[in-house]
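Reading through the C-alpha coordinates given below for one structure.
As a basis for the values below, the full set of heavy atoms in this structure was taken, side chains included, without hydrogen atoms, waters or symmetry mates. Protein chains get the first letters and strands the later ones, always in sequence-line order, with residue 1 at the start of each. All of these numbers come straight from a predicted model, not from anything done at the bench.
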Amino acid sequence: MSAGGVGVGGFARLLIDWQRLHGRSGLPWQATRDPYRVWLSEVMLQQTQVSTVLDYFPRFLSRFPTVHALAEGSSDEVMALWSGLGYYSRARNLHRCAQIVVSEHGGEFPNSALALQTLPGIGVSTAAAIAAFCFGECISILDGNVKRVLTRVMAYEGDVSLAASQKELWHLAQSMLPHAPSIDDMGAYTQGLMDLGATLCMRSKPACDRCPMQPICHGHASGEPTRFPIKSRRLKRRHESWWLAVFLGQDGEGHSTVWLERRPAKGIWAGLHCTPVLTDEDAALALLGAENATPQFLEPVAHSLTHRELRLHPVVMRSVAPMVWAAACTERPGGVGQWVRLDDLAAWGLPAPLRPLLARVAASA
DNA sequence: GACACGTGGTA
DNA sequence: TTACCAAGTGT
(Lines give C-alpha, C1' and ligand atoms only; values in the text may rest on other atoms or scores of the structure.)
Protein backbone atom coordinates (compact mmCIF):
# COMPACT_ATOMS: atom_id res chain seq x y z
CA MET A 1 0.00 0.00 0.00
CA SER A 2 1.79 3.07 -1.21
CA ALA A 3 -1.15 5.32 -1.85
CA GLY A 4 -0.82 7.95 0.82
CA GLY A 5 -2.65 10.97 -0.50
CA VAL A 6 -0.66 14.10 -1.10
CA GLY A 7 -3.77 16.28 -1.38
CA VAL A 8 -5.93 17.79 1.30
CA GLY A 9 -5.92 15.71 4.47
CA GLY A 10 -5.19 12.39 2.80
CA PHE A 11 -8.07 12.68 0.35
CA ALA A 12 -6.70 9.93 -1.88
CA ARG A 13 -6.15 7.45 0.94
CA LEU A 14 -9.64 8.04 2.31
CA LEU A 15 -11.15 7.69 -1.14
CA ILE A 16 -9.34 4.47 -2.08
CA ASP A 17 -10.24 2.80 1.21
CA TRP A 18 -13.84 3.92 0.94
CA GLN A 19 -14.18 2.75 -2.64
CA ARG A 20 -12.94 -0.74 -1.80
CA LEU A 21 -15.47 -1.04 1.02
CA HIS A 22 -18.47 0.88 -0.23
CA GLY A 23 -17.94 1.76 -3.89
CA ARG A 24 -19.73 0.23 -6.83
CA SER A 25 -18.44 -3.05 -8.19
CA GLY A 26 -19.86 -5.56 -10.56
CA LEU A 27 -20.81 -3.17 -13.34
CA PRO A 28 -20.24 -4.96 -16.67
CA TRP A 29 -17.30 -2.76 -17.63
CA GLN A 30 -15.52 -2.95 -14.27
CA ALA A 31 -14.31 -6.53 -14.47
CA THR A 32 -11.69 -5.82 -17.13
CA ARG A 33 -8.62 -3.82 -18.03
CA ASP A 34 -9.23 -4.38 -21.70
CA PRO A 35 -8.84 -0.88 -23.19
CA TYR A 36 -11.46 -1.64 -25.83
CA ARG A 37 -14.15 -2.38 -23.25
CA VAL A 38 -13.13 0.42 -20.93
CA TRP A 39 -13.07 2.86 -23.84
CA LEU A 40 -16.48 1.73 -25.10
CA SER A 41 -18.02 2.08 -21.66
CA GLU A 42 -16.44 5.48 -21.03
CA VAL A 43 -17.73 6.86 -24.31
CA MET A 44 -21.22 5.45 -23.73
CA LEU A 45 -21.21 6.94 -20.24
CA GLN A 46 -20.37 10.46 -21.43
CA GLN A 47 -23.30 12.58 -20.25
CA THR A 48 -25.34 9.39 -19.97
CA GLN A 49 -26.66 7.60 -16.93
CA VAL A 50 -25.35 4.22 -15.84
CA SER A 51 -28.83 2.67 -15.95
CA THR A 52 -29.15 3.56 -19.62
CA VAL A 53 -25.72 2.21 -20.57
CA LEU A 54 -26.39 -1.09 -18.79
CA ASP A 55 -28.80 -1.83 -21.59
CA TYR A 56 -26.60 -0.77 -24.53
CA PHE A 57 -23.13 -1.94 -23.48
CA PRO A 58 -23.62 -5.73 -23.66
CA ARG A 59 -25.63 -5.54 -26.88
CA PHE A 60 -22.95 -3.44 -28.58
CA LEU A 61 -20.17 -5.63 -27.27
CA SER A 62 -21.75 -8.87 -28.40
CA ARG A 63 -22.08 -7.51 -31.93
CA PHE A 64 -18.61 -5.88 -31.90
CA PRO A 65 -16.48 -7.88 -29.43
CA THR A 66 -13.17 -6.37 -30.53
CA VAL A 67 -11.83 -3.14 -31.93
CA HIS A 68 -11.16 -5.01 -35.19
CA ALA A 69 -14.79 -6.08 -35.47
CA LEU A 70 -15.91 -2.52 -34.82
CA ALA A 71 -13.47 -1.07 -37.33
CA GLU A 72 -14.82 -3.41 -39.99
CA GLY A 73 -18.47 -2.82 -39.16
CA SER A 74 -20.66 -0.62 -41.29
CA SER A 75 -21.40 2.85 -40.07
CA ASP A 76 -25.14 2.17 -40.42
CA GLU A 77 -24.91 -0.80 -38.10
CA VAL A 78 -22.93 1.19 -35.54
CA MET A 79 -25.55 3.93 -35.65
CA ALA A 80 -28.36 1.38 -35.29
CA LEU A 81 -26.73 -0.02 -32.14
CA TRP A 82 -26.33 3.52 -30.80
CA SER A 83 -29.89 4.49 -31.66
CA GLY A 84 -31.60 5.93 -28.59
CA LEU A 85 -28.39 6.65 -26.68
CA GLY A 86 -28.11 10.20 -27.95
CA TYR A 87 -25.14 12.40 -28.82
CA TYR A 88 -24.64 10.50 -32.06
CA SER A 89 -21.32 12.16 -32.84
CA ARG A 90 -20.03 9.79 -30.16
CA ALA A 91 -20.94 6.82 -32.35
CA ARG A 92 -19.37 8.33 -35.45
CA ASN A 93 -16.19 9.19 -33.53
CA LEU A 94 -16.18 5.75 -31.93
CA HIS A 95 -16.23 4.10 -35.33
CA ARG A 96 -13.55 6.41 -36.70
CA CYS A 97 -11.42 5.87 -33.61
CA ALA A 98 -11.62 2.09 -33.98
CA GLN A 99 -10.48 2.38 -37.58
CA ILE A 100 -7.54 4.57 -36.57
CA VAL A 101 -6.53 2.22 -33.74
CA VAL A 102 -6.50 -0.66 -36.22
CA SER A 103 -4.87 1.11 -39.13
CA GLU A 104 -2.35 3.27 -37.27
CA HIS A 105 -1.75 1.49 -33.96
CA GLY A 106 -1.83 -2.17 -34.96
CA GLY A 107 -5.11 -2.73 -33.14
CA GLU A 108 -3.71 -1.68 -29.74
CA PHE A 109 -4.90 1.43 -27.94
CA PRO A 110 -2.13 3.88 -27.03
CA ASN A 111 -1.08 3.42 -23.38
CA SER A 112 -0.91 7.03 -22.23
CA ALA A 113 -3.55 9.67 -21.64
CA LEU A 114 -1.62 12.10 -23.81
CA ALA A 115 -1.68 9.76 -26.80
CA LEU A 116 -5.25 8.59 -26.20
CA GLN A 117 -6.45 12.15 -26.26
CA THR A 118 -5.39 12.58 -29.87
CA LEU A 119 -8.04 10.04 -30.92
CA PRO A 120 -11.50 11.19 -32.02
CA GLY A 121 -14.10 11.21 -29.26
CA ILE A 122 -11.51 10.86 -26.51
CA GLY A 123 -11.09 14.10 -24.58
CA VAL A 124 -9.19 14.90 -21.40
CA SER A 125 -11.45 13.05 -19.01
CA THR A 126 -12.03 9.92 -21.07
CA ALA A 127 -8.31 9.69 -21.86
CA ALA A 128 -7.53 9.91 -18.15
CA ALA A 129 -10.12 7.27 -17.28
CA ILE A 130 -8.75 4.77 -19.81
CA ALA A 131 -5.14 5.47 -18.83
CA ALA A 132 -5.89 5.16 -15.13
CA PHE A 133 -8.06 2.03 -15.32
CA CYS A 134 -6.09 0.13 -17.95
CA PHE A 135 -2.51 1.29 -17.43
CA GLY A 136 -2.44 2.65 -13.89
CA GLU A 137 -1.35 6.09 -15.05
CA CYS A 138 -1.45 8.61 -12.23
CA ILE A 139 -3.83 11.11 -13.79
CA SER A 140 -7.23 12.39 -12.75
CA ILE A 141 -10.52 12.28 -14.57
CA LEU A 142 -12.52 15.51 -14.48
CA ASP A 143 -16.18 14.81 -15.06
CA GLY A 144 -19.29 16.19 -13.44
CA ASN A 145 -18.83 13.97 -10.38
CA VAL A 146 -15.28 15.10 -9.77
CA LYS A 147 -16.17 18.75 -10.21
CA ARG A 148 -18.97 18.44 -7.68
CA VAL A 149 -16.87 16.49 -5.17
CA LEU A 150 -13.85 18.79 -5.45
CA THR A 151 -15.75 22.06 -5.35
CA ARG A 152 -17.50 20.86 -2.20
CA VAL A 153 -14.44 19.45 -0.45
CA MET A 154 -12.57 22.68 -1.16
CA ALA A 155 -15.60 25.01 -0.88
CA TYR A 156 -14.44 26.28 -4.25
CA GLU A 157 -16.00 29.67 -4.89
CA GLY A 158 -15.03 29.98 -8.55
CA ASP A 159 -17.67 29.93 -11.27
CA VAL A 160 -17.32 26.55 -12.95
CA SER A 161 -18.94 27.97 -16.08
CA LEU A 162 -15.71 29.83 -16.77
CA ALA A 163 -12.83 28.25 -18.62
CA ALA A 164 -10.37 29.65 -16.09
CA SER A 165 -12.12 27.69 -13.36
CA GLN A 166 -12.01 24.50 -15.41
CA LYS A 167 -8.28 24.90 -15.68
CA GLU A 168 -7.96 25.54 -11.97
CA LEU A 169 -10.12 22.50 -11.19
CA TRP A 170 -8.00 20.35 -13.45
CA HIS A 171 -4.88 21.36 -11.53
CA LEU A 172 -6.72 20.83 -8.26
CA ALA A 173 -7.77 17.34 -9.38
CA GLN A 174 -4.19 16.43 -10.24
CA SER A 175 -2.99 17.73 -6.87
CA MET A 176 -5.30 15.32 -5.03
CA LEU A 177 -3.93 12.18 -6.72
CA PRO A 178 -2.37 9.41 -4.65
CA HIS A 179 1.43 9.26 -4.44
CA ALA A 180 3.07 6.50 -6.51
CA PRO A 181 -0.12 4.40 -6.74
CA SER A 182 -0.27 0.82 -7.94
CA ILE A 183 -2.57 0.08 -10.88
CA ASP A 184 -5.14 -1.27 -8.42
CA ASP A 185 -4.92 1.92 -6.39
CA MET A 186 -5.50 4.05 -9.48
CA GLY A 187 -8.49 1.91 -10.40
CA ALA A 188 -10.03 2.27 -6.95
CA TYR A 189 -9.19 5.97 -6.80
CA THR A 190 -10.71 6.75 -10.21
CA GLN A 191 -13.76 4.61 -9.55
CA GLY A 192 -14.03 6.16 -6.12
CA LEU A 193 -14.22 9.68 -7.53
CA MET A 194 -17.20 8.68 -9.65
CA ASP A 195 -18.84 6.53 -6.97
CA LEU A 196 -18.59 9.27 -4.38
CA GLY A 197 -20.23 11.77 -6.72
CA ALA A 198 -22.89 9.34 -7.86
CA THR A 199 -23.86 7.66 -4.60
CA LEU A 200 -23.12 10.13 -1.76
CA CYS A 201 -22.11 13.58 -2.99
CA MET A 202 -25.20 14.05 -5.12
CA ARG A 203 -26.47 17.34 -6.49
CA SER A 204 -29.22 17.58 -3.93
CA LYS A 205 -29.46 15.92 -0.53
CA PRO A 206 -25.86 14.68 -0.33
CA ALA A 207 -25.34 11.94 2.26
CA CYS A 208 -22.67 13.79 4.24
CA ASP A 209 -23.28 11.60 7.27
CA ARG A 210 -21.96 8.58 5.37
CA CYS A 211 -19.20 10.39 3.47
CA PRO A 212 -15.56 9.50 4.07
CA MET A 213 -14.57 13.09 3.23
CA GLN A 214 -16.77 14.65 5.87
CA PRO A 215 -13.87 15.35 8.30
CA ILE A 216 -11.93 17.26 5.63
CA CYS A 217 -14.82 18.73 3.61
CA HIS A 218 -15.03 22.53 3.70
CA GLY A 219 -18.39 22.44 1.95
CA HIS A 220 -19.84 20.37 4.75
CA ALA A 221 -18.16 22.58 7.33
CA SER A 222 -19.79 25.60 5.70
CA GLY A 223 -23.21 24.11 6.39
CA GLU A 224 -24.27 24.55 2.76
CA PRO A 225 -22.50 21.87 0.72
CA THR A 226 -25.10 22.10 -2.05
CA ARG A 227 -24.07 25.70 -2.73
CA PHE A 228 -21.24 24.10 -4.71
CA PRO A 229 -20.47 23.89 -7.55
CA ILE A 230 -21.27 27.50 -8.41
CA LYS A 231 -22.56 27.94 -11.95
CA SER A 232 -23.57 31.20 -13.57
CA ARG A 233 -24.44 30.11 -17.07
CA ARG A 234 -27.99 28.96 -17.59
CA LEU A 235 -29.29 26.68 -20.24
CA LYS A 236 -32.01 28.07 -22.46
CA ARG A 237 -34.12 26.03 -24.81
CA ARG A 238 -36.04 27.41 -27.71
CA HIS A 239 -39.35 25.97 -28.80
CA GLU A 240 -39.85 24.61 -32.30
CA SER A 241 -42.46 22.67 -34.19
CA TRP A 242 -41.44 20.00 -36.66
CA TRP A 243 -43.76 18.19 -39.04
CA LEU A 244 -42.84 14.59 -39.66
CA ALA A 245 -44.04 13.33 -43.04
CA VAL A 246 -44.84 9.69 -42.36
CA PHE A 247 -45.31 8.13 -45.79
CA LEU A 248 -46.70 4.62 -45.54
CA GLY A 249 -46.56 2.05 -48.29
CA GLN A 250 -46.29 -1.65 -48.95
CA ASP A 251 -43.50 -3.71 -50.44
CA GLY A 252 -43.94 -6.41 -53.05
CA GLU A 253 -44.71 -9.01 -50.40
CA GLY A 254 -47.42 -6.95 -48.76
CA HIS A 255 -45.38 -5.75 -45.76
CA SER A 256 -46.11 -2.27 -44.51
CA THR A 257 -43.29 0.16 -45.14
CA VAL A 258 -42.36 3.70 -44.21
CA TRP A 259 -40.27 6.20 -46.16
CA LEU A 260 -37.02 7.12 -44.39
CA GLU A 261 -34.33 9.58 -45.41
CA ARG A 262 -30.84 10.01 -44.04
CA ARG A 263 -30.46 13.11 -41.90
CA PRO A 264 -27.80 15.63 -42.96
CA ALA A 265 -24.23 15.04 -41.74
CA LYS A 266 -24.40 17.94 -39.29
CA GLY A 267 -27.01 19.04 -36.78
CA ILE A 268 -29.68 17.20 -34.85
CA TRP A 269 -29.79 13.44 -35.38
CA ALA A 270 -26.96 13.74 -37.91
CA GLY A 271 -26.53 10.59 -39.98
CA LEU A 272 -29.61 8.85 -38.55
CA HIS A 273 -32.56 7.73 -40.64
CA CYS A 274 -35.76 9.68 -40.23
CA THR A 275 -38.99 10.56 -41.95
CA PRO A 276 -38.81 13.77 -43.98
CA VAL A 277 -38.89 16.73 -41.60
CA LEU A 278 -40.50 20.07 -42.39
CA THR A 279 -39.79 22.88 -39.97
CA ASP A 280 -42.07 25.47 -41.50
CA GLU A 281 -45.81 25.02 -41.03
CA ASP A 282 -46.86 26.62 -44.30
CA ALA A 283 -44.36 24.56 -46.26
CA ALA A 284 -45.51 21.45 -44.46
CA LEU A 285 -49.14 22.05 -45.21
CA ALA A 286 -48.45 22.98 -48.83
CA LEU A 287 -46.26 19.97 -49.50
CA LEU A 288 -48.38 17.48 -47.63
CA GLY A 289 -51.51 18.88 -49.20
CA ALA A 290 -49.97 18.56 -52.62
CA GLU A 291 -49.44 14.84 -52.21
CA ASN A 292 -52.29 12.92 -53.70
CA ALA A 293 -53.79 11.56 -50.51
CA THR A 294 -55.55 12.59 -47.34
CA PRO A 295 -53.01 13.54 -44.69
CA GLN A 296 -53.85 12.28 -41.22
CA PHE A 297 -52.57 14.65 -38.54
CA LEU A 298 -51.71 12.82 -35.32
CA GLU A 299 -51.46 14.30 -31.84
CA PRO A 300 -48.13 16.16 -31.52
CA VAL A 301 -45.40 14.57 -29.41
CA ALA A 302 -43.17 16.65 -27.12
CA HIS A 303 -39.48 15.87 -27.33
CA SER A 304 -36.79 17.88 -25.59
CA LEU A 305 -33.16 18.16 -26.60
CA THR A 306 -30.39 20.05 -24.88
CA HIS A 307 -31.07 23.33 -26.65
CA ARG A 308 -34.50 22.78 -28.11
CA GLU A 309 -37.99 21.90 -27.05
CA LEU A 310 -39.53 20.13 -30.02
CA ARG A 311 -43.18 19.55 -30.79
CA LEU A 312 -43.27 16.77 -33.33
CA HIS A 313 -46.39 16.71 -35.50
CA PRO A 314 -46.72 13.39 -37.28
CA VAL A 315 -48.58 13.62 -40.55
CA VAL A 316 -49.42 10.17 -41.86
CA MET A 317 -49.86 9.75 -45.59
CA ARG A 318 -51.23 6.45 -46.84
CA SER A 319 -51.33 5.66 -50.50
CA VAL A 320 -52.74 3.14 -52.86
CA ALA A 321 -49.72 3.80 -55.08
CA PRO A 322 -46.85 4.56 -52.68
CA MET A 323 -44.18 4.47 -55.36
CA VAL A 324 -45.47 7.75 -56.68
CA TRP A 325 -44.34 9.28 -53.44
CA ALA A 326 -40.89 7.77 -53.62
CA ALA A 327 -40.17 9.91 -56.64
CA ALA A 328 -41.62 12.96 -54.94
CA CYS A 329 -39.62 12.35 -51.77
CA THR A 330 -36.26 12.07 -53.48
CA GLU A 331 -36.79 15.49 -54.99
CA ARG A 332 -36.95 16.98 -51.53
CA PRO A 333 -33.89 18.71 -50.08
CA GLY A 334 -31.93 16.21 -48.04
CA GLY A 335 -33.65 13.66 -50.13
CA VAL A 336 -31.95 10.30 -50.51
CA GLY A 337 -34.38 7.86 -48.99
CA GLN A 338 -35.87 4.42 -49.14
CA TRP A 339 -38.85 2.35 -48.12
CA VAL A 340 -38.24 0.43 -44.91
CA ARG A 341 -40.37 -2.35 -43.49
CA LEU A 342 -42.14 -1.34 -40.29
CA ASP A 343 -41.26 -4.69 -38.73
CA ASP A 344 -37.55 -4.19 -39.51
CA LEU A 345 -37.02 -0.84 -37.78
CA ALA A 346 -34.87 -2.37 -35.01
CA ALA A 347 -32.07 -2.71 -37.56
CA TRP A 348 -32.13 1.00 -38.34
CA GLY A 349 -30.56 3.98 -36.63
CA LEU A 350 -33.60 6.05 -35.76
CA PRO A 351 -34.00 9.06 -33.47
CA ALA A 352 -35.50 7.96 -30.13
CA PRO A 353 -38.93 9.58 -30.49
CA LEU A 354 -39.51 7.86 -33.84
CA ARG A 355 -39.64 4.33 -32.45
CA PRO A 356 -42.76 4.66 -30.30
CA LEU A 357 -44.28 6.95 -32.89
CA LEU A 358 -43.82 4.51 -35.77
CA ALA A 359 -44.88 1.61 -33.55
CA ARG A 360 -48.17 3.39 -32.97
CA VAL A 361 -48.56 4.03 -36.66
CA ALA A 362 -47.74 0.39 -37.42
CA ALA A 363 -50.34 -0.82 -34.93
CA SER A 364 -53.02 1.20 -36.68
CA ALA A 365 -51.80 0.23 -40.13
C1' DG B 1 -14.99 31.01 -25.33
C1' DA B 2 -19.52 29.94 -26.45
C1' DC B 3 -22.29 26.82 -28.37
C1' DA B 4 -24.18 22.44 -30.40
C1' DC B 5 -25.12 17.98 -29.53
C1' DG B 6 -29.86 13.37 -27.21
C1' DT B 7 -32.03 11.17 -23.91
C1' DG B 8 -34.11 9.89 -19.57
C1' DG B 9 -34.45 10.88 -14.70
C1' DT B 10 -35.26 13.90 -10.81
C1' DA B 11 -36.68 18.00 -8.04
C1' DT C 1 -43.96 22.89 -16.68
C1' DT C 2 -39.42 24.04 -16.27
C1' DA C 3 -34.79 23.52 -15.00
C1' DC C 4 -31.07 20.86 -14.15
C1' DC C 5 -27.86 17.37 -15.16
C1' DA C 6 -25.41 12.34 -15.98
C1' DA C 7 -18.58 8.68 -16.51
C1' DG C 8 -17.83 15.45 -22.16
C1' DT C 9 -16.17 16.37 -26.85
C1' DG C 10 -15.71 18.96 -31.04
C1' DT C 11 -15.96 23.14 -33.42
Side-chain angles (χ1 to χ4, degrees), chain A residues 23-24 27-30 37-57 79 82-94 96-97 116-130 132-133 140-149 159-167 169-170 173 187 190-199 201-205 226 229 231-239 263-272 274 301-312 349-356:
Chain A
R24 291 175 292 187
L27 293 171
W29 45 86
Q30 285 183 305
R37 292 172 184 233
V38 171
W39 164 68
L40 177 62
S41 71
E42 289 299 330
V43 174
M44 283 189 167
L45 286 159
Q46 286 168 7
Q47 300 286 284
T48 306
Q49 293 174 351
V50 168
S51 57
T52 304
V53 174
L54 281 175
D55 195 31
Y56 282 79
F57 181 76
M79 296 310 283
W82 206 271
S83 174
L85 250 191
Y87 282 142
Y88 298 99
S89 64
R90 291 185 295 173
R92 292 189 298 276
N93 284 333
L94 192 84
R96 266 209 301 151
C97 182
L116 285 162
Q117 218 186 308
T118 67
L119 294 166
I122 301 181
V124 275
S125 192
T126 300
I130 299 169
F133 280 130
S140 179
I141 56 171
L142 187 58
D143 59 11
N145 288 311
V146 182
K147 289 173 192 168
R148 192 168 54 256
V149 168
D159 177 357
V160 298
S161 303
L162 304 177
S165 299
Q166 296 297 314
K167 194 173 173 184
L169 282 175
W170 192 84
T190 305
Q191 189 64 51
L193 283 175
M194 301 190 276
D195 291 350
L196 198 59
T199 66
C201 196
M202 294 160 293
R203 181 166 68 96
S204 57
K205 299 183 183 172
T226 55
K231 251 173 233 181
S232 66
R233 230 174 89 239
R234 292 287 172 239
L235 168 83
K236 51 182 152 206
R237 270 198 287 247
R238 78 171 177 274
H239 292 252
R263 299 273 307 161
K266 287 183 188 290
I268 290 166
W269 302 332
L272 297 188
C274 188
V301 175
H303 185 76
S304 60
L305 293 76
T306 311
H307 293 286
R308 265 176 261 208
E309 195 68 51
L310 300 181
R311 278 171 67 82
L312 304 175
L350 304 182
L354 243 65
R355 290 200 188 277

Would you kindly give the [atom1]-to-[atom2] distance between [X] and [N], to the nearest whole Å?
X: W39(A); N: dG8(C); atom1: CH2; atom2: C1'; value: 16 Å
X: W170(A); N: dG8(C); atom1: CH2; atom2: P; value: 17 Å
X: L142(A); N: dG8(C); atom1: CG; atom2: P; value: 10 Å
X: L54(A); N: dA6(C); atom1: CG; atom2: P; value: 18 Å
X: L94(A); N: dG8(C); atom1: CG; atom2: C1'; value: 14 Å
X: L162(A); N: dG1(B); atom1: CG; atom2: P; value: 8 Å
X: K236(A); N: dC5(C); atom1: NZ; atom2: P; value: 16 Å

*Rounded to whole angstrom, note down the P distance from dT11(C) over to dG6(B).*
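One P to the other, the span is 14 Å.
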Taking atom P in both dC4(C) and dC3(B), what distance in whole Å separates the two?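 Straight-line distance between the two P atoms is 15 Å.
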Which part of the nucleic acid, if any, lies within reach of [X] when heavy atoms closer than 4.0 Å are counted: base, sugar-phosphate only, or nothing?
X: W82(A); value: nothing
X: V43(A); value: nothing
X: A129(A); value: nothing
X: L27(A); value: base

* N/O donor-acceptor pair under 3.5 Å between R90(A) side chain and Q46(A) backbone ->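 The answer is yes, because a donor-acceptor pair under 3.5 Å joins these two groups.
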Notebook entry, point to check: Does a side-chain heavy-atom distance below 4.5 Å link H303(A) with P351(A)?
Noted result: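 In short, these two side chains do not touch, never coming nearer than 4.5 Å.
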| field | Close side-chain approach of L45(A) to M194(A), heavy-atom, < 4.5 Å | value |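 A side-chain contact under 4.5 Å is absent here.
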In B/S/- notation (B base, S sugar-phosphate only, - none; protein heavy atoms under 4.0 Å), nucleotides 4-11 of chain B written 5' to 3' is BBBBBS-S
Discussion item. Looking at dC5(C), I'd like to know if its phosphate oxygens (OP1 or OP2) sit under 4.0 Å from a side-chain N or O belonging to K231(A).
Written reply: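 For K231(A), the contact criterion (side-chain N or O under 4.0 Å from OP1 or OP2 of dC5(C)) is met.
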Q) Quick one: do the R96(A) and N93(A) side chains pair a donor with an acceptor below 3.5 Å? A)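 Short answer, yes.
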I need the [X] [atom1] to [Y] [atom2] distance, nearest 0.5 Å.
X: T52(A); Y: M44(A); atom1: OG1; atom2: CE; value: 11.0 Å
X: Q191(A); Y: L27(A); atom1: CD; atom2: CG; value: 7.0 Å
X: L94(A); Y: Y88(A); atom1: CG; atom2: OH; value: 14.0 Å

Considering heavy-atom distances to DNA chain C, does I122(A) or V50(A) have its closest nucleotide positioned more toward the 5' end?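 With I122(A) and V50(A) compared, the 5'-side residue is V50(A).
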